Novice: 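Below is the structure I would like to discuss, written out as C-alpha cells.
This structure is a prediction, so every number in the text was calculated from the model and none was measured. Sequential numbering from 1 along the given sequence is applied to the chain's residues.
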Amino acid sequence: KQWPQVRVIVEGHADERGTTEYNVALGARRAAAVERALRVHGAQATQVETLSYGEERPIELAHHESAWSANRRVEFLVVAGSEVVAGTY
C-alpha cells in the first residue's frame with residue numbers, strides 16, 4: 001500500500017513427499033494464502049503474482065523430517081524497478 005510501484009512474486013514450495021501434481025497444487029495453495037494476507041494488508045492485485053514450484057526447488061536435499069520441513073516454504077521476490085530482493089519464510 002505504501003509502495004504502489006513495488007511488485008511481489010510469491011513462490012510456493014513443497015517437500016518431496018506426495019505426487020508431483022499434489023505438490024504443485026500444495027505450493028499453489030501456500031502462495032495463494034500469502035497473497036490473500038498481503039491483499040488484506042493493502043497490497044493491490046496488480047502488485048502480487050503467485051507461482052508454485054511444488055517439490056522442484058528444494059533447499060534441503062536430505063530425506064528426513066528437518067529437510068522436509070525446510071522445503072515446505074514460501075519465498076518472496078520483491079521487485080522494485082530493476083532491483084530484486086528475495087526472502088524465504
Novice: Considering only Ile, Leu, Val, Met, Phe, Trp and Tyr, and joining two whenever side-chain heavy atoms are under 4.5 Å apart, list the other residues clustered with Leu26.
Specialist: Tyr22

Novice: Where the side chain of Gln5 meets the backbone of Gly81, is there a donor-acceptor pair that is under 3.5 Å apart?
Specialist: no

Novice: CZ of Arg30 to OG1 of Thr50: how many Å apart, nearest 0.5 Å?
Specialist: 14.0 Å

Novice: Rounded to the nearest 0.5 Å, how far does CD of Glu35 lie from CD of Gln47?
Specialist: 11.0 Å

Novice: Listed by chain and number, what are the salt bridge (charged side-chain N to carboxylate O under 4.0 Å, His left out) partners of Arg29, not counting sequence neighbours?
Specialist: none

Novice: Checking Ser52 side chain against Val24 main chain: does a donor-acceptor pair fall under 3.5 Å?
Specialist: yes

Novice: With a 4.5 Å heavy-atom cut-off, do Trp3 and Val78 have their side chains touching?
Specialist: no

Novice: With the 4.5 Å side-chain cut-off for hydrophobic clustering, are Leu77 and Leu51 part of the same group?
Specialist: yes

Novice: Is it true that a side-chain atom of Asp15 and a backbone atom of Ser69 form a donor plus acceptor pair closer than 3.5 Å?
Specialist: no

Novice: Is the shortest heavy-atom distance from the side chain of Glu16 to the side chain of Asn71 under 4.5 Å?
Specialist: no

Novice: Does Leu38 reach the side chain of Val10, with side-chain heavy atoms less than 4.5 Å apart?
Specialist: yes

Novice: Quickly, which of Glu55, Glu56, Glu75 forms a side-chain contact (heavy atoms from CB on, under 4.5 Å) with His13? Name it, please.
Specialist: Glu75

